[in-house]
Amino acid sequence: MRLEGPWLRAAEGAMLLGPDGVPAPTVFAEMSALAAATGAINLGQGFPDEDGPREVLEAAVQAIRDGANQYPPGRGIPDLRAAIAEHQARWYGLDVDPDREVLVTAGATEALAATLLALVEPGDEVITFEPFYDAYGALVRLAGGTHVTVPLTAPDFLPDETTLRAAFSDRTRVVLVNTPHNPTGRVLPPEVLRTVVELAEQYDAVVVTDEVYEHLTFATPHVPIATLPGARDRTVTISSAGKTFSTTGWKIGWLTAPLALVDAITTVKQFLTFVNGSPFQPAVAAGLRLPTEVFTGIAATLAAKHELLADGLRRAGFDVMRPDGGYFVIADAAPLGFADAREFCLALPGRVGVVGVPVSAFVRPDHQSGYRSLVRFAFCKQRPVLEDAAARLAALTPTA
Ligand SMILES: *Cc1c(COP(=O)(O)O)cnc(C)c1O
């Protein structure tokens, strides 16, 4: 039986094809297995280890009791679509029509998949920054597109404007922007976002934004690209409840966009999952309507956790880059005598009982230069876990 197919392009796009042409497991699966085998603290994968707001969890339990257990409407239950529109107005002053301009999806991942599969033809180019979330590379290639990247380079992880301009061409169909950014934690500054919009207009590209960390910024407030002049009519804004409310397993995401784009994307989405998560949809609606203090409290708690882990990493001898938001901090292992973060991450569980992931997993094989010694650690964990991890990391002694 012949096994080749588009899935190989997806694996290649996500940088999982080994030199033998055989897809390897993701570095997250590899490192999580290592954590399980060694009993190490897993700061590799970005999921919280404690529950989010009680009101949100209780609302889901109640919804199941109340019978929200069958297929919800294809575009999402009206109450969640209304809550998403209210949220965009309350936080960003964006005017969104809940009946025409909102689509509820199976996480941000399905929103990304349906959008790229709906819009990208073979030969079209999709621009993202690099390092990039692995799904971007996989989905662009699955859609038959060509993935063009613009580097975000250490120490500040900002793009060079000339390189950004040079990435656009008449073949550019989509520019996909993630801010706050995974894995660097960078909130892209307004001037970068404005340049993206200007170029998208010039080349008639669609702007797709991944804003799953929108409420998890530490100092700079989040600015959706759709709020910038000229952006709204060509932007698909994607977010998700998973990161904000610590409900990553619920997979409730959404997108807002002009009607024609929502219609196009819905056409694909209805043949991917059709619908999902009916009892979770009212719960996320309740979450999005929580008072402002709940959201600022979630961000403040996370910022304090970041400080805790970053201090520990600094004391251990890493160069630590300060994130503006999100779940992750990037630490350079070079001052400790490690030039190769992948080797370092494979050895770390055995040496001190902590797991991180090499940033090289988010960078193409031919673009590794400048990222080789960088490690990503997640700080979306309980304080005692982070204290323990910091103490363990302090036991690392320079080997050089
Ligand atoms: C976690 C994450 C996602 C996936 O979100 P889901 O709602 O779980 O599908 C998408 N983009 C980025 C950058 C993420 O970190």
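Residue numbers run from 1 in the order of the sequence given. None of the values given here were measured: they were computed from a predicted structure. Numbering of ligands and ligand atoms starts at 1, following listing order.
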Task: Backbone of K381 reached by a side-chain donor or acceptor of K305 within 3.5 Å - done: yes
- [ ] For atom 9 (O) of ligand 1, grab the closest protein heavy atom and report residue, atom and distance to one decimal in Å.
- [x] T109 OG1, 2.6 Å
- [ ] Measure from the side-chain N and O atoms of T296 to the backbone N and O of E293, and report whether any donor-acceptor pair falls under 3.5 Å.
- [x] yes
Open item on the list: With no hydrogens and no angle check, just 3.5 Å: does a side-chain donor-acceptor pair link D210 and Y136?
Closed with: yes
Open item on the list: Donor-acceptor check, side chain of D340 to backbone of F344, threshold 3.5 angstrom: yes or no?
Closed with: no
- [ ] May I ask you to decide whether R171 forms a salt bridge with D124, counting only side-chain N to carboxylate O separations under 4.0 Å?
- [x] no
TODO: Give the contacting part of S240 toward ligand 1: side chain, backbone, both or neither, where contact means a heavy-atom distance below 4.0 Å.
DONE: side chain
Open item on the list: Under 3.5 Å between any N/O of Y133 and any N/O of ligand 1: does that happen in this structure?
Closed with: no
Open item on the list: For ligand 1 and T248, I'd like to know whether there is a polar contact (N/O to N/O, distance under 3.5 Å).
Closed with: no
Open item on the list: For D263, is there an ion pair with R75 - N to carboxylate O distance below 4.0 angstrom?
Closed with: yes
Task: Test of proximity, A108 against ligand 1: N or O pairs below 3.5 Å - done: yes
- [ ] Under 4.0 Å, heavy atoms only, figure out whether ligand 1 is touched by the backbone of N178, its side chain, both or neither.
- [x] side chain
Open item on the list: Any nitrogen or oxygen of Y213, side chain or backbone, less than 3.5 Å from one on ligand 1?
Closed with: yes
TODO: Determine, for R81 against E86, whether the closest basic-nitrogen to carboxylate-oxygen distance falls under 4.0 angstrom.
DONE: no
TODO: Just go through D210, T247, N182 and tell me whose heavy atom is the nearest to atom 10 (C) of ligand 1.
DONE: D210
Task: Winner among K251, E110, E211, K243 once heavy atoms are compared against atom 8 (O) of ligand 1 - done: K251
